[in-house]
Amino acid sequence: YITSLENLRDTEVRTADGVDVYLYSNVELNDEIHLSNLNNASGVGLYRTEYIYLQHGDVSEEQQFQILKEAVELNGGKPTTIRTFDLGGEKLSEEMPHPKEQNPVMGLRAVRYSLRFREFFIRQLRAILRASVYGEIKIMFPMISGLHEYRKVREVYESAKKSLRAEGVPFAENIKLGIMVELPSIAIISGLIAREVDFMSVGTNDLIQYTLGIDRNNEYVAYLYKPAHPAILTLLNTIITAARKEGIDCSVCGEIAGEPRYIPILLGLGYRQLSMSPAHILRAKKLIKQLKAHDCEHLVADLMKCDTSILAEEKVTSFVERQG
Ligand code: PEP
Ligand code: MG
């Protein structure tokens, strides 16, 4: 099995009926970029910068710059999508100034945290901008809940650029800016925000958690965590439809993007960019080469008629079994 996967290292990724699909890596540490390259990913689709903080504590701009520069260089000519700190929620560090919260997952996390501690956010943005001289960088903002919040984030981004310009520090001028679609609010109005961003990436881990009201790490309610739930499929469909209408890139970077069970659904909905743990890339390539996009579209049409997640998940199971 391993040997047959090894043969997939160099191949392009195309379905059996000729649809191109692009696979990217989710990384937390620079070391993982080696595996991403070995498995010939199209680049890094999600670089979780909060792990820099969780690992090294309250890092300086210079330290962040050095780490990100190395990441970009390791990635060669391929794009690196850097997500700004998704701190707070379950990703808390002792070193973070943080209030006690009753509901941290719905509290001061991700861009909410960054916007509250503006200097901290600017320091990170400056480090990212400086690294952009060494290869293609895209910047992505986590947990955006509405247009106003995204515009505030852009204002801070513009200030970070201005401060570098004033100091004569170089950075790439046309960096693409995008958002994580991981809150139901932004998924529902993805048609509006798609006009203002360069790209979107669907964070299904959180999107499912917040839409179904199920803690993604709670074993007692794990039985309700159903990616094929009609509400989730409706949102995934809304998002990709909005992206296509505006002609912007839209990937999926939640866990389901690398799960053989759910890849057919994503392809059937029209997603063509999947970002996953680099360890799952060869497995995904193997599957995609066997699938027909046409069959995946039929599966999705079938799923759209299901009124419960139970029925939908059964249909997914029988589709997977039919594929052998
Ligand atoms: C997600 O929410 O799907 C996601 C990719 O982000 P994280 O898992 O880091 O919250
Ligand atoms: Mg998330």
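Every number for a ligand or one of its atoms is a count from 1 in the order of the listing. These figures come from a predicted structure and were not determined experimentally.
- Each of the following atoms of ligand 1 lies closer than 4.0 Å to a heavy atom of K91: 7 (P), 9 (O), 10 (O).
- Donor-acceptor pairing under 3.5 Å is lacking for the side chains of R83 and S201.
- Residue-ligand proximity: E255 is placed with every non-hydrogen atom at 4.0 Å or more from ligand 1.
- Minimum-distance N/O/S atom of E182 relative to the Mg ion (ligand 2): OE1.
- Scanning all protein heavy atoms for the shortest distance to atom 6 (O) of ligand 1 gives R83 NH1, 3.0 Å.
- Ligand 1 places these atoms under 4.0 Å from at least one heavy atom of M180: 4 (C), 5 (C), 6 (O).
- Within the 4.5 Å cutoff, the side chain of V300 has no heavy atoms near those of the N237 side chain.
- The residues K226 and E313 are annotated as not salt-bridged, no charged nitrogen and carboxylate oxygen being separated by less than 4.0 angstrom.
- E101 and R109 are not joined by a salt bridge, as no carboxylate oxygen comes within less than 4.0 angstrom of a charged side-chain nitrogen.
- The D86 neighbourhood of ligand 1 comprises atoms 10 (O), with distances under 4.0 Å to a heavy atom of that residue.
- Under 4.0 Å is where a charged nitrogen must lie from a carboxylate oxygen, and between R151 and E155 no such pair does.
- Close contacts of ligand 1 with G203, meaning ligand atoms under 4.0 Å from a residue heavy atom, involve 1 (C), 2 (O), 3 (O).
- R123 and S60 are not linked by any side-chain donor-acceptor pair at a separation below 3.5 angstrom, with hydrogens and angles left out of the test.
- Ligand 1 lies out of reach of Q209, whose nearest heavy atom is not under 4.0 Å from it.
- In this model, no donor atom of one side chain and acceptor atom of the other lie less than 3.5 Å apart for Q66 and E70.
- Formation of a donor-acceptor pair under 3.5 Å by the D198 side chain with backbone atoms of G178 is not found in this model.
- Between the side chains of N75 and Y134, no donor N or O sits under 3.5 Å from an acceptor N or O.
- Near E182, meaning under 4.0 Å from one of its heavy atoms, ligand 1 places the atoms 1 (C), 2 (O), 6 (O).
- Of the N and O atoms on the side chains of T49 and Q124, at least one donor lies less than 3.5 Å from an acceptor on the other residue.
- Not a single heavy atom of E28 sits closer than 4.0 Å to an atom of ligand 1.
- By the criterion of a heavy-atom distance under 4.0 Å, both the backbone and the side chain of N205 are placed next to ligand 1.
- With hydrogens left out, the protein atom closest to atom 7 (P) of ligand 1 is R48 NH2, 3.5 Å, a heavy atom.
- Scanning the protein for heavy atoms near atom 5 (C) of ligand 1, the closest one is C253 O, 3.4 Å.
- With a 4.0 Å cut-off on non-hydrogen atoms, L46 touches ligand 1 through its side chain and not its backbone.
- Because the distance cut-off is set at 2.8 Å, D206 qualifies as a neighbour of the Mg ion (ligand 2) through one of its N, O or S atoms.
- A salt bridge is absent between E196 and R154: the closest approach of a Lys/Arg side-chain nitrogen to an acidic carboxylate oxygen does not fall below 4.0 angstrom.
- No part of M276 comes within 4.0 Å of ligand 1, judged by heavy-atom distances.
- For ligand 1, the atoms lying closer than 4.0 Å to a non-hydrogen atom of R216 are 2 (O), 7 (P), 8 (O), 10 (O).
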